[in-house]
Amino acid sequence: MAVPPLFSPIPPAIHPRYAAIEAHTTAWAEAHRIGSAELRQRLVRHEIGAFASRVIPLGCEEVVQTLADFVLWLFGLDDGVCEESSLGQRPGDLSGALHRLLRVAQAPEAPLWLDDPLANGLRDLRRRIDRWGTASQAARWVGCLREYAFSVVWEASHRSANTVPDLEDYTLMRLYDGATTVVFPLLEMAHGYELPQQERDHRAVRAAEEMASFVITWDNDIFSDHKERAGEGYYLNVLRVLEAEGLSHDKAMTAAIAQRDRVLCAFVRLVDHLAEVGSPQLRQYVGGLKSFVRGSQDWGISSIRYTTPDDPAGLPMVFSDTPTDDRPEPLGIDAIAWWWDVLPPAALPAGTLLPTQQPRRGGLIGAR
């Protein structure tokens, strides 16, 4: 089944230095020997620099470059270790390898695993994170990397047993194993600000982040389905999960698109409201979340990672202005049902605070 044009109400954009960023990422991958030579050759053709440039279309070029190199590093880890190596079939051993990498991220100055290309690449990335971010942003980046590592071990447990989780578990796992949360701190770094803690910890802001992760990963599952089915070995995406629950492939595609459409409508409604009532930093941050969502979409339909020109995937070339499902009710997935609790009412006047907010100079404050 060809993928129909997906709903996207967010305008596209790309950093003007995307070509230079792309070239640097190719050189960085070679210099650090990320993955095998064959894997590197594949990855540098995927336009990962363009991806980072779409996610952060404005702001500090060095941070966009750091994001591009980091995403390539993540693909080197995910493709080369978690999915295509025997380690991906051994959750316990994979957990040990990921914890060693996490230690490098925590303590890049320590002389650990100096002959390991992934460790050395991560060490370089952490030093650049320290250069462009605050101490708390760097700590959040490491914390999000830990969430990612924990979730891919969970996924490896299914791979080793050749099992498919139910939709509830898959949704929770996918919020983290897509590595979306690891990008969030760089959205701030690229513009030289830090989100105030009382806004960062607000439930509505956390819901907006998770909604963005949901849409990005559901889109990725839809765009990558053809590639994954044509490959060898185990694969896992939302279409396979829905099929395991009794839907045909066509109906699973329709259901997944409706799910991402409903969440995307809720996401836009929420972040537009937060931009009205939040601090200037929060306004910048939710704008970054929107760019992350749209940038992932534009890259997903254009990168040969998913279009697979030797065996065309049937991806759309444009996006739709109309959602297939814009109902205001939750999706019926308990792990994320709380998102709809923090949405502003549909007819809320501009400038009205959410029920969990109190007026404060400079932004939001969560109920205690």
Do L186 and I129 pass the side-chain contact (heavy atoms from CB on, under 4.5 Å) test, and can you show the C-alpha distance, the side-chain angles, and the key distance before you say yes or no? CA-CA 8 Å; L186 281 85; I129 292 288; 3.9 Å; yes
Before you tell me yes or no, could you show the steps for R262 and C265 under side-chain contact (heavy atoms from CB on, under 4.5 Å), namely the whole-Å CA-CA distance, both residues' side-chain angles and the distance that decides it to 0.1 Å? CA-CA 5 Å; R262 200 191 305 188; C265 289; 5.8 Å; no
Go through the steps to decide whether S279 and E199 satisfy the test side chain to side chain donor-acceptor pair (under 3.5 Å), and finish with yes or no. CA-CA 8 Å; S279 67; E199 292 187 317; 2.5 Å; yes
Step-by-step side-chain contact (heavy atoms from CB on, under 4.5 Å) determination, V142 to R126: CA-CA 9 Å; V142 173; R126 171 58 200 268; 3.6 Å; yes
Run the side chain to side chain donor-acceptor pair (under 3.5 Å) test on Y234 and E228 for me, step by step, so that the C-alpha distance in whole Å, both residues' side-chain angles and the decisive distance to 0.1 Å come before the verdict. CA-CA 9 Å; Y234 180 88; E228 292 180 338; over 6 Å; no
When you look at M253 and L239, which way does the side-chain contact (heavy atoms from CB on, under 4.5 Å) test go after all the steps? CA-CA 6 Å; M253 177 75 75; L239 300 182; 3.9 Å; yes
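Under 3.5 Å, the side chains of S86 and R90 contain a donor-acceptor pair of N or O atoms. Side-chain contact check for H46 and S303: no donor-acceptor pair (N or O, by modelled atom type) lies under 3.5 Å. There is a side-chain donor-acceptor pair under 3.5 Å between Y306 and N220. Using a 3.5 Å distance cut-off with no hydrogens or angles, the side chains of Q106 and R103 do pair a donor with an acceptor. Under 3.5 Å, the side chains of Q65 and T25 contain a donor-acceptor pair of N or O atoms. Checking Y170 against D177 by side-chain atom types alone, no donor-acceptor pair falls below 3.5 Å. In this model, no donor atom of one side chain and acceptor atom of the other lie less than 3.5 Å apart for E47 and S302. Between the side chains of R229 and Y235, a donor-acceptor pair is found at a separation under 3.5 Å.
Looking at heavy atoms from C-beta onward, V164 lies out of side-chain contact with E243 at the 4.5 angstrom threshold. Taking the side chain as every heavy atom from C-beta outward, L6 and S320 never approach each other to under 4.5 Å. No side-chain heavy atom of W339 sits less than 4.5 Å from a side-chain heavy atom of F267. I34 is listed as a side-chain neighbour of L72, based on a closest heavy-atom distance under 4.5 Å. Taking the side chain as every heavy atom from C-beta outward, D69 and L125 approach each other to under 4.5 Å.
Contact check on D272 versus K290 returns a salt bridge, with a Lys/Arg side-chain nitrogen under 4.0 Å from an Asp/Glu carboxylate oxygen. A salt bridge links D219 to R260: at least one charged side-chain nitrogen sits closer than 4.0 Å to a carboxylate oxygen.
In this structure, R128 places its CZ atom where more than 12 heavy-atom neighbours from other residues, nucleotides or ligands lie under 6.0 Å away. Under a cut-off of 6.0 angstrom, the local environment of OH in Y193 is crowded, with over 12 non-hydrogen atoms contributed by other residues, nucleotides or ligands. No more than 12 heavy atoms of other residues, nucleotides or ligands sit less than 6.0 Å from atom CD of Q41. Within a 6.0 Å radius of NE2 in H99, other residues, nucleotides and ligands contribute 12 heavy atoms or fewer. Counting non-hydrogen atoms of neighbouring residues, nucleotides and ligands closer than 6.0 angstrom, the CD atom of E329 exceeds 12 such neighbours.
Put simply, V271 and W338 are part of the same group of oily side chains (I, L, V, M, F, W, Y) that touch within less than 4.5 Å, one to the next. Placement of I14 and V64 in two distinct hydrophobic clusters is found when ILVMFWY residues are connected by side-chain heavy-atom separations under 4.5 Å, directly or transitively. Cluster membership for Y18 and V183, using ILVMFWY side-chain heavy atoms within less than 4.5 angstrom, is not shared. Under the 4.5 Å side-chain heavy-atom criterion for Ile, Leu, Val, Met, Phe, Trp and Tyr, Y176 and F150 are members of distinct hydrophobic clusters.
At distances below 3.5 Å, at least one donor-acceptor pair connects side-chain atoms of T26 with backbone N or O atoms of E22. With hydrogens and angles ignored, the 3.5 Å screen pairs no side-chain donor or acceptor of D325 with any backbone N or O of D261. Counting only distance, with no hydrogens or angles, the side chain of S95 and the backbone of P91 share no donor-acceptor pair below 3.5 Å.
A pairwise comparison of heavy atoms in G49 and A68 identifies CA-CB, 3.9 Å as the closest pair. Nearest heavy atom pair, residue A156 against residue L94, reads CB-CD2, 3.7 Å.
For R17, the salt bridge (charged side-chain N to carboxylate O under 4.0 Å, His left out) criterion is met by E61, not counting sequence neighbours. Qualifying ring-ring contact (aromatic ring centres under 6.0 Å, His included) partners for F223, counting only residues two or more places apart in sequence or in other chains: none. Applying the salt bridge (charged side-chain N to carboxylate O under 4.0 Å, His left out) rule to R159 yields the partners E155; only residues at least two apart in sequence or on another chain are considered. Remark: H191 pairs with no residue by the ring-ring contact (aromatic ring centres under 6.0 Å, His included) rule, at least two apart or across chains. Applying the ring-ring contact (aromatic ring centres under 6.0 Å, His included) criterion to Y148, with sequence neighbours excluded, gives no partner residue. Taking the side-chain contact (heavy atoms from CB on, under 4.5 Å) definition, one finds that D79 meets it with L39, L43, F75, E83, E84, R305, sequence neighbours left out.
Judged by a 6.0 Å distance limit and a 45° cone about the ring axis, R123 is not positioned over the six-membered ring of W113. Taking the ring axis of F319 as reference, the NZ or CZ atom of R294 stays within 45° of it and closer than 6.0 Å to the ring centre.
Considering OG1 of T134 and CE of M189, their distance stands at 7.0 Å, rounded to 0.5 Å. Atom CG of L58 sits about 11.0 Å away from atom OG of S53, to the nearest 0.5 Å. Here the CD1-CD1 distance, from I301 to I222, works out to 12.5 Å after rounding to the nearest 0.5 Å. Here the straight-line distance linking atom CG of D310 with atom CD1 of I304 works out to 8.5 Å at 0.5 Å rounding. Here L195 contributes atom CG and Q137 contributes atom CD; the two are 9.5 Å apart, rounded to the nearest 0.5 Å. For the atom pair CE (M211) and CG (L270), the distance works out to 5.5 Å, reported to the nearest 0.5 Å.
Ring pair W218/F214: centre-to-centre distance below 6.0 Å.
Ring orientation note: the planes of W28 and H32 are tilted relative to one another, at an angle of 30° to 60°. Taking the six-membered ring for Trp and thresholds of 30 and 60 degrees, F184 and F292 have ring planes more than 60 degrees apart, a perpendicular arrangement.
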